[in-house]
Amino acid sequence: MGDEKRELPPIPDRLPVTVVDAHTHLDACGAETAADVAAMVDRAERAGVARVVTVADDLAAARWASGASTWDSRVFAAVAIHPTRAKEFGVAEQSEVERLARGERVVAVGETGLDYYWDYSPHDAQQAAFRWHIDLAKRLGKALMIHDRDAHEDVLRILDEEGAPETVVFHCFSGDEHIARRCIDKGYILSFAGTVTFKNARGLHEAARIVPRGQFLAETDAPFLTPHPYRGRPNEPYCTAYTVRYLAALRGEAVHEVAEAVRTTAERAYRLPA
């Protein structure tokens, strides 16, 4: 059992329509070189996950993600400082994030937001960093990719106070139907990770059922949050296919319809070529 827990899940059958993994961490999955990235995305493509957005949470990861996005045409990047690291976010860090965010293949500012689960950065530091990232996304005309953990009310309040960018993506959406409706009304996009496949995630199931097409994405957040029935094993972008199929069953829709919605929404949100 111990060895099995360390193994990657099997690569599922290819989806009938290719999709985008809207949020992954290729470096944390073990990729270091261009060859590593190509092999990982090759596996994803076998499952119908044709493109990925690899996401940074600190400056080293931001530099790596920005570089990796130039190694393979199937890879794009998002850069920001994670809210848990916000206490170390000064002028030098802001300048570097902005420089990287201007990259042609950097499609979003993220992940940024608020995390009240971990006690790594004071709430006021997190909120100040979040406001700065919101402004950056608006100035660059790029999507804002939000990390929201146990902080729904403050995240929504700050978006209202600052004025949200044109495109807001709630990465690994964790709210219930009530929070989902408020986000939907604002035009925000909800991105569902493997957590939506967990049997005890009833509030998340209800949220996923009500989101209209054009306002939801699928992601892995790999190497974390591996979908059921492989929860606890390592995750990779190809596992997006498991989540897409689960979303289709949850919504009572055909897999090809949900996959098409995921792909076209990602293309619009991240301004990817169709």
Next on the checklist: Quick check with a 6.0 Å cut-off and a 45 degree axis cone: is Arg43 positioned over the face of Tyr238's six-membered ring?
Outcome noted: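 Ring-cation test returns no.
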Checklist entry - Is NZ or CZ of Arg149 both nearer than 6.0 Å to the six-membered ring centre of Tyr116 and within 45° of the ring axis? => result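 No, cation not above the ring by the 6.0 Å, 45° rule.
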Who pairs with [X] by salt bridge (charged side-chain N to carboxylate O under 4.0 Å, His left out), at least two apart in sequence or on another chain?
X      : value
Glu257 : Arg213
Asp115 : none
Asp135 : Arg139
Arg202 : none

Next on the checklist: Show every side-chain hydrogen bond (donor to acceptor under 3.5 Å, both in side chains) that has at least one partner inside residues 190-199, sequence neighbours left out.
Outcome noted: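 Sorted result for residues 190-199: Ser191-Glu219.
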Item to check | Of all pairs that satisfy side-chain hydrogen bond (donor to acceptor under 3.5 Å, both in side chains), the ones with a partner from residues 54-68, not counting sequence neighbours | outcome: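 Counting only pairs at least two positions apart or across chains, the side-chain hydrogen bond (donor to acceptor under 3.5 Å, both in side chains) contacts touching residues 54-68 are Arg63-Glu96.
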Item to check | Intermediate values then yes/no, salt bridge (charged side-chain N to carboxylate O under 4.0 Å, His left out), Glu166 and Arg271 | outcome: CA-CA 12 Å; Glu166 179 181 351; Arg271 300 183 180 179; 3.7 Å; yes
Do [X] and [Y] have side chains that get closer than 4.5 Å, going by heavy atoms?
X      : Y      : result
Asp221 : His25  : yes
Ile184 : Tyr188 : no
Leu204 : Phe198 : no
Lys186 : Leu159 : no
Thr167 : Ile189 : yes
Val75  : Leu26  : yes
Leu217 : Leu190 : no
Pro234 : Pro223 : no

Next on the checklist: If you apply the rule salt bridge (charged side-chain N to carboxylate O under 4.0 Å, His left out), what do you find for Glu88 with Arg85, and how did you get there?
Outcome noted: CA-CA 6 Å; Glu88 300 165 352; Arg85 304 176 189 275; over 6 Å; no
Check the hydrophobic clustering (I, L, V, M, F, W, Y; side-chain heavy atoms under 4.5 Å; chains of links allowed) and say if [X] and [Y] are grouped together.
X      : Y      : value
Trp118 : Leu114 : no
Val49  : Phe216 : yes
Val20  : Met145 : yes
Val52  : Phe224 : no
Ile11  : Met40  : no

Charged N-O contact under 4.0 Å between [X] and [Y]:
X      : Y      : value
Glu177 : Arg182 : no
Arg131 : Glu161 : yes
Arg74  : Asp42  : yes
Glu267 : Arg263 : yes

Checklist entry - Relative to each other, are the rings of Phe173 and Phe170 parallel, tilted or perpendicular (30° and 60° limits)? => result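 Perpendicular, since the angle between the ring planes exceeds 60°.
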Checklist entry - Between CH2 of Trp132 and CD of Glu93, what distance do you get to the nearest 0.5 Å? => result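 Answer for the CH2-CD pair, Trp132 versus Glu93, is 10.0 Å.
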Item to check | Gap between atom CG of Asn200 and atom NE2 of His205 - 0.5 Å precision | outcome: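 His205 NE2 to Asn200 CG: 7.5 Å, rounded to 0.5 Å.
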[X], [atom1] atom: more than 12 neighbouring heavy atoms under 6.0 Å:
X      : atom1 : answer
Glu32  : CD    : no
Asp160 : CG    : yes
Arg46  : CZ    : no

Checklist entry - Between His133 and His82, is there a donor-acceptor pair closer than 3.5 Å when you use the side chain of the first and the backbone of the second? => result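 No; judged by distance alone, with no hydrogens or angles, the pair does not exist.
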Item to check | Check: His152 main-chain N/O paired with Asp148 side-chain donor or acceptor under 3.5 Å | outcome: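 Looks like yes, one N/O pair under 3.5 Å.
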Next on the checklist: Pair His147, Thr112 - check side chain to side chain contact (heavy atoms under 4.5 Å, CB included), show working.
Outcome noted: CA-CA 5 Å; His147 173 103; Thr112 179; over 6 Å; no
Checklist entry - Any idea which heavy atoms bring Arg251 and Pro212 closest together, and the distance? => result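 Scanning both residues, the minimum pair turns out to be NH2-C, 4.3 Å.
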